[in-house]
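Accompanying notes for the structure given below.
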Amino acid sequence: MALIDQFTTQYGLVQKIDAFGYLDYLRDHADEPRKHGQVILVTADTPLKASRGEGKTTTTIALIDALRARGIDATAVLRQPSMGITAAGSKGGASGGGKSSLSHPELIDWGLCGEMAAIENAQNLLVSFAEKAIDDGLIDTILVPRVSEVPSRSLRQIAVDRGKGNVPERVVLTPTCELMQIVVLSRSMDEISQRVSKMVAGTKDGKPVTFGEFIDLWRITGILGDAVKPAKTETVNGSPVYVHCGPFANVSLGIPSLISVEMACALHDVVVVEAGYGADAGAQKWLDIACREFGAQWPAAAVVVTRASTWRDDPTLSWRYPFHVHRLESLGIPTFPLVNLWDGEDDQIASLRDTAKSLNFRNPIIGNLFRDGGEALAPQLDAFVGALEDANGSKNITNASAPADAADPEAANNRASHKGMGLVEDVKWIAGNAYGVPADRVLFKEGFAESLASATELCNGVGTSVDDLAVVAVKSPATMTDNDSAAADERTVTLKKVEPHFGAGVVQVNLTTSLTTPMPKIV
């Protein structure tokens, strides 16, 4: 029996793995065989519409199928999608499509792996404790929102004891909630407990009160026992895939749990991590939050997915895809353009390659992955595999060793923590590096200064600094700036409000003038 089998249980048609227990065992048994897999980051162009993806999951599945066809032990770690958005037809699910899909897509797309419901129940239980704390006089405001897996305008503004206490509350989607962020970033159940205890339930006479001050945390961690175990499924071609957590990249972290990625790296030579939405969203957060602030592995290579139409059909937005590719290359990450074709676009391959060459891209990987699956990619991966071997310092990526620290001081600086950097300065750094907007064109919306002052006061009340929290950009998934169609020297980024999440260790900053979460369109 393989070691991992001792930490694996059947959960319907998928398996659940005790990733915390497995990695704890490896830490306590240094002689136990394990791998040190390389991370590949799959990200995308900024989509023309917020509700339409570019095919990252389809690409991810096709890529691991293609790598395994070449004899490489590859896997992928995906996020659980929000059932509310997926079921309403606003966007695709998290299971790919056609020949590049999972064997049981309904389990992923309809939230049947369990963790989303458990996280929803746990955070709503916290809010119930907060409501009881109102009755007991422990707090007089509630700051933690309720969560729901289905979007509803009627839930955007609610009140407790309407007509009596009139205590206002909010409702957010499960993938965006603080408890989801905590599970994504934690590496043990003890850490989850510690983080939940730091969540601010509300305020009493203007001073923050944390949950750790008035509840027994076993009530929450007990509910989360299904939730912290990644689900293992497979592609239609039998490639292993792990699914865990599901935060949106436009309004949250946009990455799978760190523990699921670390577990996959211990089991496989190559681990493909899909980050949500475009490179300005999920990829920015994998690099600048997961890697810089929480110790996740820096990618050995990246794939930036686009569609032929997104890339070239709108001249005013044509700057975005080259910006993403060249930015990741500038960080020392070998970055491969990948054009995900639709039916009827095969005749564009030659012109797409010419355009890529004119932009000084690496030779692009091109194929109809829905129709052809990994078979479309396998013959095109020589340079990609070569980049992985170079990153590993060998000509064999089997049993890859852990990537070495960057020798280039500039590259090392890109990976350095920003803790202690002023929040506004940090956001300006993100605007310049991830969106191409210089610091002098970062604007403040009326009320931003007051929001920052309130967040700073709240942080001081729990004995921390707002500058020590990792910055999460909350913005539209369809735009990088206030107006991406503006001329390069006229693009701006507007900062709107600040919301600290003490348990997760992050501070959310709303920016750009576009909507963050439009209601889904039924299609």
Side-chain angles (χ1 to χ4, degrees), residues 3-4 22-23 26-27 30-43 59-77 239-242 255-256 258-275 283 286-287 290-292 294-305 325 327-338 361-365 374 377-416:
L3 173 63
I4 191 63
Y22 173 65
L23 291 175
L26 290 182
R27 280 189 288 269
D31 295 334
E32 190 72 38
R34 61 161 297 167
K35 295 189 175 185
H36 298 276
Q38 295 171 294
V39 166
I40 298 169
L41 183 64
V42 170
T43 184
T59 296
T60 296
I61 291 171
L63 182 58
I64 63 169
D65 281 346
L67 288 170
R68 293 183 75 86
R70 295 178 64 118
I72 296 169
D73 179 16
T75 190
V77 182
S239 300
V241 173
Y242 304 94
I255 57 176
L258 301 188
I259 194 71
S260 64
V261 176
E262 291 178 10
M263 175 194 70
C265 286
L267 294 169
H268 304 275
D269 294 318
V270 171
V271 177
V272 181
V273 174
E274 176 198 333
W286 179 263
L287 299 173
C291 295
R292 280 201 292 108
F294 291 92
Q297 187 183 139
W298 194 259
V303 171
V304 185
V305 184
V325 173
R327 177 192 176 235
L328 294 179
E329 285 278 6
S330 73
L331 296 175
I333 303 170
T335 303
F336 292 81
L338 188 146
F361 288 171
R362 296 172 187 262
N363 192 33
I365 303 167
L377 297 189
Q380 304 183 61
L381 295 183
D382 288 351
F384 184 81
V385 172
L388 296 181
E389 291 172 340
D390 290 343
N392 188 42
S394 73
K395 291 299 178 184
N396 185 350
I397 62 173
T398 301
N399 289 316
S401 60
D405 291 337
D408 181 356
E410 183 176 351
N413 186 57
N414 288 326
R415 309 184 192 189

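How far CD of Glu274 is from CD1 of Ile61: 8.5 Å, rounded to the nearest 0.5 Å. If you take CH2 on Trp298 and CG on Leu331, they are separated by 5.0 Å, rounding to the nearest 0.5 Å. Atoms OG1 and CG, from Thr43 and Leu287 in turn, are 8.5 Å apart once rounded to the nearest 0.5 Å. Rounding to the nearest 0.5 angstrom, the gap separating the CZ atom in Arg27 from the CD atom in Glu32 is 14.0 Å. The SG atom of Cys265 sits 11.5 Å away from the NZ atom of Lys35 when rounded to the nearest 0.5 Å.
In this structure, Pro334 and Ala387 approach most closely via the heavy-atom pair CB-CB, 3.9 Å. Pairing each heavy atom of Pro33 with each of Leu26, the nearest pair is O-CD2, 4.4 Å. Taking all atoms of both residues into account, the shortest heavy-atom contact from Ala378 to Ala66 is N-CB, 3.7 Å. Contact record, Phe336 with Ala383: CZ-O, 3.7 Å, taken as the closest heavy-atom pair. Smallest separation of non-hydrogen atoms from Ala416 and Arg292: O-CD, 3.0 Å. Closest non-hydrogen pair, Glu329 versus Arg362, comes out as OE2-NE, 2.5 Å.
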Worksheet item: Given Asp382 and Arg70, is the side chain to side chain contact (heavy atoms under 4.5 Å, CB included) satisfied, shown in steps?
Response: CA-CA 10 Å; Asp382 288 351; Arg70 295 178 64 118; 2.7 Å; yes

Practice prompt. Any chance you could lay out the side chain to side chain contact (heavy atoms under 4.5 Å, CB included) test for Val273 and Ile255, step after step, and finish with the verdict?
Written response: CA-CA 8 Å; Val273 174; Ile255 57 176; 5.7 Å; no

Discussion item. Could you walk me through whether Leu377 and Phe384 satisfy the side chain to side chain contact (heavy atoms under 4.5 Å, CB included) test, starting with their C-alpha distance in whole Å, then the side-chain angles of each, then the deciding distance to 0.1 Å, before giving a yes or no?
Written reply: CA-CA 11 Å; Leu377 297 189; Phe384 184 81; over 6 Å; no

Fill in: Working for side chain to side chain contact (heavy atoms under 4.5 Å, CB included), residues Thr60 and Val303
CA-CA 9 Å; Thr60 296; Val303 171; over 6 Å; no

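Between the side chain of Gln297 and the backbone N or O of Val39 there is at least one donor-acceptor pair closer than 3.5 Å. Between the side chain of Gln38 and the backbone N or O of Leu388, at least one donor-acceptor pair lies under 3.5 Å.
Between Arg68 and Asp269 there is no salt bridge, since no side-chain nitrogen of the basic residue lies less than 4.0 Å from a carboxylate oxygen of the acidic one.
Shown here are the side chain to side chain donor-acceptor pair (under 3.5 Å) partners of Arg327, two or more places apart in sequence or in another chain: there are none. Residues that satisfy the side-chain contact (heavy atoms from CB on, under 4.5 Å) test with Ala302, not counting sequence neighbours, are Leu41, Leu328, Ile333, Thr335. For Ser239, the side chain to side chain donor-acceptor pair (under 3.5 Å) test picks out Asp65, with sequence neighbours left out. Under the rule for a side chain to side chain donor-acceptor pair (under 3.5 Å), Thr59 has no partner lying at least two apart in sequence or in another chain. With sequence neighbours left out, Gln380 forms a side chain to side chain donor-acceptor pair (under 3.5 Å) with Arg353. Applying the side-chain contact (heavy atoms from CB on, under 4.5 Å) criterion to Ala264, with sequence neighbours excluded, gives Thr75, Val77, Tyr242, Val271.
Within the 4.5 Å cutoff, side-chain heavy atoms of Val261 are placed close to those of Trp286.
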